[in-house]
Visitor: 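Got a structure for you, questions after.
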Amino acid sequence: MKAVILAAGEGTRLRPFTENMPKVMVPVANKPILLHVINALSGNNIRDIVIVVGYKKESIMDYFGNGKEFGVNITYVTQEKQIGTGHALLQAKDEIEEEFISLPGDNIIDEEGISSLIKNECEISMLVEKSHHPSKYGVVKVEDGKIKGIVEKPEKAETNLVSTGIFKFPPDIFDFIDRNVKEGKNHITDSLHSMIENGEEVCAVMGNGGWMDIIYPWNWLDVNSKSLRNIAPITSGKIEKNVILKGDVSIGEDTVIHSGCYIVGPVVIGSGCEVGPNVCIFPSTSIGDNVAIYPFTEIRSSIIMDDATIGSNSFVSKSIIGKGTKISSHFSNIAGNGIIEMEENFYRINDVGAFIGDGCEIGDNVVVEPGKIIGRNCVIGPLNIINKSIPGESEVI
């Protein structure tokens with residue numbers, strides 16, 4: 001059996017972090033989301049994978065190559081314009097001659113969910129999950145194990161069952177999708193609607209909660225925290241005397257943890273990092289590769305991306321720090337209740353920190369209030385209090 005992974009989109013609701021990479025390459029527990037998807041497939045012995053790429057496709061192709069390093073065989077096809085999931089899937093038509101799995105590359109999925117879908121005897125099957133926020137997804141109506149209808153992002157959801165966008169299809173599905181795309185119906189759900197109306201049987205396969213979606217940056221923190229529960233404790237690199245490690249802590253090669261550090265897992269620290277001395281890192285934190293964290297800094301429940309620097313005597317909590325961002329000493333963000341504007345909507349988020357894009361330079365003694373987003377390549381001068389979001393390429397004196 002083959003799989004088609006849809007990985008052409010940007011992920012606009014994760015800006016500014018997706019301005020430099022597609023959503024599928026966003027790190028969760030220090031691995032791109034797409035790698036989690038590939039691992040779930042290979043764990044079910046699905047090793048022939050077609051990836052539909054588009055937005056910033058080079059970052060995907062450079063990382064995964066032909067897939068050999070990851071135990072799979074990868075073929076790439078391109079969706080030149082991102083106009084829908086059905087249109088994206090159609091790009092893989094020439095690569096598929098048998099039953100296959102179709103799934104998005106920007107959701108976390110576990111091996112068990114894929115296994116349940118494979119074992120289902122129906123020709124066309126959809127993996128469904130219960131959601132606390134069903135109105136954000138396609139809400140499905142299920143009767144006797146069959147999908148009877150899908151309502152995309154309703155204002156008021158009648159059930160809490162949603163489509164994960166993960167399907168098992170026969171190869172002739174492409175003919176059906178092709179006809180729909182020619183009529184301007186560019187999404188997979190459009191084709192499913194038509195099939196159901198025509199009396200085709202689409203089976204519902206209930207997931208076990210292993211599917212997780214990242215919609216907004218604050219969801220990213222939640223998914224990262226849950227994914228870290230499965231890490232294996234590995235202590236490579238150099239760990240000096242008087243370092244305390246508690247729980248599951250993974251430390252990459254060529255990383256130095258200096259004396260006096262206190263780390264409580266689950267925590268993952270990448271390769272080539274320098275931490276401490278006297279740094280405290282608390283659970284649900286991911287630190288990427290080549291990160292420098294200077295003395296007397298505390299980090300809680302955060303994501304620090306590759307090549308970032310955090311100065312001494314700093315405090316980072318419930319925050320995401322972008323790739324290559326350099327933060328000077330005595331930085332702090334306030335974790336608390338914030339109101340975040342996103343796509344002309346306002347969201348009241350509890351217990352949230354700061355979201356700082358790639359390539360920023362932040363001076364000494366800067367404070368960022370809850371829920372504030374600093375766009376990429378910003379320069380924030382010393383002694384500033386950031387009480388509103390800052391667009392990318394800005395300078396705050």
Side-chain angles (χ1 to χ4, degrees), residues 3-41 49-67 69-70 72 74-92 95 101-109 136-137 164-166 186-188 211-221 223-224 227 270 286 288-289 303-308 320-325 342-343 355-359 373 375-377 392:
V4 178
I5 302 177
L6 308 183
E10 174 185 349
T12 56
R13 289 176 290 190
L14 282 180
R15 290 178 181 172
F17 303 103
T18 52
E19 290 178 17
N20 287 331
M21 62 181 171
K23 182 181 174 184
V24 298
M25 295 302 292
V26 160
V28 171
N30 272 12
K31 297 177 183 177
I33 296 174
L34 184 53
L35 181 53
H36 290 269
V37 175
I38 288 173
N39 287 342
L41 290 169
I49 297 172
V50 181
I51 301 181
V52 183
V53 294
Y55 175 75
K56 296 194 179 295
K57 62 183 180 182
E58 295 79 12
S59 63
I60 299 172
M61 298 168 77
D62 289 347
Y63 186 95
F64 290 99
N66 61 11
E69 181 182 344
F70 305 96
V72 295
I74 296 176
T75 302
Y76 297 96
V77 297
T78 301
Q79 184 190 28
E80 297 295 346
K81 293 183 179 180
Q82 285 73 66
I83 56 174
T85 53
H87 180 267
L89 181 57
L90 194 59
Q91 309 312 304
E95 305 295 333
I101 300 292
S102 170
L103 68 172
D106 58 1
N107 296 168
I108 300 290
I109 180 63
K136 299 291 183 185
Y137 303 97
T164 62
I166 303 172
N186 292 313
H187 295 277
I188 291 175
W211 172 78
M212 294 182 285
D213 186 21
I214 298 172
I215 304 174
Y216 301 109
W218 52 94
N219 304 137
W220 184 2
L221 288 169
V223 170
N224 191 69
S227 297
S286 292
D289 296 337
I303 298 170
I304 315 298
M305 296 174 69
D306 294 352
D307 305 311
I320 300 174
I321 309 298
K323 186 174 182 178
T325 282
M342 189 79 65
E343 296 180 322
F355 303 102
I356 302 176
D358 297 350
I373 298 172
R376 67 188 182 103
N377 299 330

Visitor: In the structure I gave you, are the side-chain heavy atoms of D106 and I214 within less than 4.5 Å of one another anywhere?
Guide: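 Of all side-chain heavy-atom pairs linking I214 with D106, none is under 4.5 Å.
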
Visitor: Rounded to the nearest 0.5 Å, what separates atom CD in Q82 from atom CG in N186?
Guide: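 These two atoms lie 12.0 Å from each other.
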
Visitor: Please report the shortest heavy-atom distance between A7 and I60, naming the atom on each side.
Guide: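 The pair with the smallest heavy-atom distance is O-CD1, 3.6 Å.
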
Visitor: Taking the side chain as every heavy atom from C-beta outward, state whether I108 and I33 have any pair of such atoms under 4.5 Å apart.
Guide: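 Side-chain contact under 4.5 Å: yes.
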
Visitor: Using the side-chain contact (heavy atoms from CB on, under 4.5 Å) definition, which of the options V50, I49, V4 pairs with E95?
Guide: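 Filter result, single survivor: V50.
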
Visitor: Might you point out which heavy atoms bring R15 and E10 nearest each other, and give the distance in Å?
Guide: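 Where R15 meets E10 most closely, the heavy atoms are NE-OE2, 2.8 Å.
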
Visitor: Measuring from atom CD1 of I215 to atom CG of L14, what distance do you get when rounded to the nearest 0.5 angstrom?
Guide: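 That separation rounds to 9.5 Å.
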
Visitor: Side chains of M212 and S227: closer than 4.5 Å at any heavy-atom pair?
Guide: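 Yes. Closest side-chain heavy atoms under 4.5 Å.
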
Visitor: Measuring only between side-chain heavy atoms, which start at C-beta, is V37 closer than 4.5 Å to V24?
Guide: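 Of all side-chain heavy-atom pairs linking V24 with V37, none is under 4.5 Å.
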
Visitor: Looking at I321 and A308, what are the two nearest heavy atoms and their distance?
Guide: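 Answer, listing the atom of I321 first, then A308: CG2-CB, 4.4 Å.
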
Visitor: If you take all heavy atoms of M305 and P27, which pair is closest and at what distance?
Guide: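 Closest approach of M305 to P27: CE-CD, 3.9 Å.
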
Visitor: Would you say the rings of F70 and Y63 are close, in the sense that their centroids are separated by under 6.0 Å?
Guide: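 Yes; F70 has its ring centre under 6.0 Å from that of Y63.
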
Visitor: Examine distances only and state if a side-chain atom of Q79 and a backbone atom of G84 form a donor-acceptor pair shorter than 3.5 Å.
Guide: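 Yes.
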
Visitor: Working to the nearest 0.5 Å, report the span between CG of L6 and CD of Q91.
Guide: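 Rounded to the nearest 0.5 Å, the CG-CD separation comes to 10.5 Å.
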
Visitor: Check whether Y55 reaches the backbone of T18 with its side chain - one donor and one acceptor, N or O, closer than 3.5 Å.
Guide: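 Confirmed, Y55 side chain pairs with T18 backbone.
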
Visitor: For a 4.5 angstrom cut-off between non-hydrogen side-chain atoms, does L41 reach I5?
Guide: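 L41 vs I5: side chains touch.
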
Visitor: Any side-chain heavy atom of N20 within less than 4.5 Å of one from R376?
Guide: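 The answer is yes; the side chains approach within 4.5 Å.
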
Visitor: First locate atom CD1 of I109, then atom CD1 of I166, and finally report the distance between them rounded to the nearest 0.5 Å.
Guide: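 Reported to 0.5 Å precision, the distance equals 4.0 Å.
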
Visitor: Okay, side chain of Y76, backbone of G65: is any donor-acceptor separation there less than 3.5 Å?
Guide: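 Yes, because the side chain of Y76 sits within donor-acceptor range (under 3.5 Å) of the backbone of G65.
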
Visitor: State the CG-OG1 distance between N377 and T325, to the nearest 0.5 angstrom.
Guide: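 Going from the CG atom of N377 to the OG1 atom of T325 covers 8.0 Å.
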
Visitor: Check for a donor-acceptor pair, side chain of N224 on one end and backbone N or O of V28 on the other, with a separation under 3.5 Å.
Guide: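 Not at all, since once roles are kept as given, no pair shorter than 3.5 Å links the two residues.
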
Visitor: For D289 versus G270, what's the shortest heavy-atom pair and its separation?
Guide: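 Closest approach of D289 to G270: OD1-CA, 3.3 Å.
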
Visitor: Nearest heavy-atom pair of N219 and D213: which atoms, and what distance?
Guide: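 Scanning both residues, the minimum pair turns out to be CB-O, 4.3 Å.
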
Visitor: Given 3.5 Å as the limit, does a donor-acceptor pair link the side chain of D306 with the main chain of G288, or not?
Guide: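 Flag not set: sc D306 to bb G288 has no pair under 3.5 Å.
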
Visitor: Can you spot which of M21, M25, K23 makes a side-chain contact (heavy atoms from CB on, under 4.5 Å) with P32?
Guide: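 Of the listed options, the one satisfying the test is M25.
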
Visitor: Kindly compute the distance separating CZ (F64) from CD1 (I51), expressed to the nearest 0.5 Å.
Guide: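 These two atoms lie 6.5 Å from each other.
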
